[in-house]
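Working notes for the structure below.
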Amino acid sequence: MEDSEVMRQKKIHYIYNKEMECMDPEERRKLQGERLRKTVELEYANVPAYRARMDEAGVKPEDINSIDDIVKLPFMQKTDLRDNFPFGLFAADRKDIIRIQGSSGTTGKPVVSGYTQNDIDVWTEMVARAIKCAGGGEDDVIQIAYGYGLFTGGLGAHQGATKVGAMVVPMSSGNTQRQIMMMKELGATMLCCTPSYATYLAETIREMGINPSELKIKSGYFGAEPWTEEMRQHLEELLDFDAFDIYGLTEIGGPGVAFECFEKNGMHINEDHVLAEIIDPVTEEPLPDGVPGELVFTTLTKTGTPMIRYRTHDICTLTHGTCACGRTTVKMSRITGRTDDMLVIRGVNVFPSQIESVLLGVEEASAHYMIVVDRVNSQDKLTVQVELKEDVDMGDAAKLAAIASRIKTNIKQTLLISAKVELVPPKTIPRSEGKAKRITDNRHIGF
């Protein structure tokens with residue numbers, strides 16, 4: 001798109017709330033300290049489960065005088081939400097909770113978070129900052145292909161798009177042919193969905209014979225699952241637009257907690273509302289800038305279900321400093337994996353994003369793959385099923401063997417362990433209209 005190319009070249013930077021996004025770091029630290037103290041007081045007074053944990057740790061609200069004191073506070077994690085399901089972690093009166101957001105509960109009890117009107121307003125502001133950052137505004141048509149419901153993606157993006165005055169197309173996920181028809185006919189200029197679904201949409205657009213020049217899409221925000229720089233490049237090549245990363249989670253505030261600017265070198269965290277730390281997932285000790293570890297968040301303005309030192313299990317790094325875009329907020333890197341769904345294969349930590357990075361560098365491979373782990377004779381076996389592009393001749397055995405050999409070599413160089421590579425025809429790997437399922441771990445079946 002012409003407008004998108006102009007923005008790429010000029011790196012135009014759009015800021016929604018300059019006062020907060022470009023605040024002097026020392027002033028921000030002071031503000032964070034004040035808000036942290038209020039959050040701890042609210043939590044201690046109204047959430048018995050966390051009050052007991054603070055008492056056990058020997059810490060009181062009056063011990064929290066600045067953000068440096070955050071290390072005194074106990075951690076929270078997803079099991080706390082499940083153990084206190086449904087309302088045990090609410091810090092507000094039930095009458096003040098106007099919405100419930102949550103997870104699907106596919107791994108046990110659902111995780112629910114109560115939102116007050118204040119929480120909805122804060123979340124909406126954070127998403128509005130993200131959309132403005134990508135050039136979105138009152139002249140835009142924003143198509144939202146995240147799912148609507150308990151999942152925060154659809155409603156979060158919808159709220160932010162409305163806040164900036166855009167025309168919102170609330171398509172939700174699925175019904176791909178109709179998605180594309182509406183995208184074309186309504187002149188959508190921005191797309192919001194998971195990166196895996198964006199890839200599926202982009203490939204389908206090509207298959208339908210639609211030239212990207214017929215569309216008006218100039219940018220998109222994609223989140224809810226880890227994705228790689230190679231996938232970004234793949235998406236941008238398919239649709240000739242700017243693809244941005246966005247981050248959020250139900251427990252903290254949904255999409256908009258952090259977002260990329262046109263520099264595309266990290267996501268800006270909305271630090272006036274959320275305080276971020278990186279810790280060693282084993283020792284729980286804080287880690288310095290640039291060192292990968294587990295991301296921990298503390299909400300500073302949430303009143304429905306405040307979260308203190310919430311362990312996300314996401315792996316990334318933090319970087320402080322002033323961005324070329326003018327923002328002074330800390331940046332988080334792209335999520336490289338999770339501590340709780342990380343695969344340990346023959347003693348080696350393996351994240352799907354590492355394998356994805358390899359595959360997206362292979363010309364013949366599509367963006368779709370499946371990782372299968374088995375245990376044979378007490379030994380882990382890793383298989384990577386790779387879907388090939390339609391122009392690859394599946395009948396050319398020699399060529400297929402060469403492709404598989406090349407992928408196998410690249411995986412071993414990246415992971416330092418060997419993997420079996422299975423090449424499969426186009427359209428073989430199941431498509432996802434939400435979060436992509438990338439792993440089948442058979443080691444746990446029957447245990």
Side-chain angles (χ1 to χ4, degrees), residues 13-43 61 64-71 73 91-92 113 115-134 136 152 156-157 159-160 163-164 221 223 244-261 263 266-278 289 295-310 312 316 318-323 325-333:
H13 296 299
Y14 304 89
I15 297 176
Y16 183 81
N17 187 334
K18 188 172 183 179
E19 179 184 3
M20 289 300 173
E21 296 179 70
C22 304
M23 180 180 283
D24 177 81
E26 286 306 312
E27 287 297 312
R28 183 182 291 116
R29 281 177 59 86
K30 181 180 178 181
L31 176 65
Q32 289 175 320
E34 294 169 355
R35 290 181 169 180
L36 175 62
R37 172 71 175 262
K38 290 180 180 178
T39 297
V40 173
E41 289 173 347
L42 178 67
E43 188 84 347
I64 308 303
N65 298 301
S66 74
I67 59 172
D68 293 330
D69 294 322
I70 195 165
V71 295
L73 294 165
S113 184
Y115 284 68
T116 62
Q117 185 61 58
N118 166 80
D119 301 338
I120 297 295
D121 292 343
V122 166
W123 180 17
T124 300
E125 160 86 10
M126 291 197 294
V127 183
R129 294 178 188 179
I131 290 174
K132 182 69 175 181
C133 185
T152 56
Q159 292 161 191
K163 182 76 171 177
V164 301
Y221 266 120
F244 299 99
D245 205 354
I246 191 168
Y247 180 91
L249 58 169
T250 296
E251 303 90 307
I252 304 301
V257 169
F259 55 89
E260 277 188 318
C261 66
E263 295 299 316
M267 289 177 278
H268 292 277
I269 296 175
N270 280 305
E271 286 192 278
D272 51 323
H273 297 298
V274 179
L275 181 61
E277 304 173 76
I278 292 291
D289 274 17
L295 181 62
V296 174
F297 278 129
T298 297
T299 59
L300 299 175
T301 53
K302 196 173 184 183
T303 54
T305 314
M307 303 303 292
I308 296 175
R309 304 197 81 191
Y310 181 77
T312 67
C316 69
L318 294 181
T319 304
H320 290 78
T322 300
C323 179
C325 74
R327 291 176 178 82
T328 57
T329 48
V330 65
K331 286 182 179 179
M332 58 180 281
S333 69

Between [X] and [Y], which heavy-atom pair has the shortest distance, and what is it?
| X | Y | result |
| --- | --- | --- |
| T250 | Y115 | O-OH, 2.8 Å |
| T299 | P306 | OG1-CA, 3.5 Å |
| K331 | C323 | NZ-SG, 3.1 Å |
| R309 | V71 | NH1-O, 3.3 Å |
| I269 | A258 | CG1-CB, 3.8 Å |
| K302 | I252 | CD-O, 3.9 Å |

Exam field: side chain [X] to backbone [Y], donor-acceptor pair closer than 3.5 Å:
| X | Y | answer |
| --- | --- | --- |
| W123 | G160 | no |
| T328 | M23 | yes |
| T312 | L295 | yes |
| T329 | N270 | no |

Enter the distance from [X]:[atom1] to [Y]:[atom2] here, rounded to the nearest 0.5 Å.
| X | Y | atom1 | atom2 | result |
| --- | --- | --- | --- | --- |
| I120 | Q159 | CD1 | CD | 5.0 Å |
| Q117 | T303 | CD | OG1 | 10.0 Å |
| T39 | I64 | OG1 | CD1 | 11.0 Å |
| E260 | M332 | CD | CE | 10.0 Å |
| L36 | I70 | CG | CD1 | 5.0 Å |
| E251 | T152 | CD | OG1 | 9.0 Å |

Original post:
What's the verdict on side chain to side chain contact (heavy atoms under 4.5 Å, CB included) for R35 and L275, showing C-alpha distance, side-chain angles and the deciding distance?
Top reply: CA-CA 10 Å; R35 290 181 169 180; L275 181 61; over 6 Å; no
Subject >> For F244, all residues meeting ring-ring contact (aromatic ring centres under 6.0 Å, His included), sequence neighbours excluded >> reply: Y221, F262
**OP:** In plain terms, say whether E41 and R37 are close enough for a salt bridge, that is, a side-chain N and a carboxylate O under 4.0 Å apart.
**Re:** yes
[X] vs [Y] side-chain heavy atoms within contact, under 4.5 Å:
| X | Y | value |
| --- | --- | --- |
| I131 | K163 | no |
| K132 | N17 | no |
| M307 | S113 | no |
| C316 | I278 | yes |

Original post:
Going by the salt bridge (Lys or Arg N to Asp or Glu O under 4.0 Å) test, which pairs reach into residues 19-29, not counting sequence neighbours?
Top reply: E21-R327, R28-E271, R29-D68
Subject >> salt bridge (charged side-chain N to carboxylate O under 4.0 Å, His left out) assessment of R129 paired with E125 >> reply: CA-CA 6 Å; R129 294 178 188 179; E125 160 86 10; 2.9 Å; yes
**OP:** Using distance alone, with no hydrogens and no angle criterion, decide if T116 and D119 have a side-chain donor and acceptor under 3.5 Å apart.
**Re:** yes
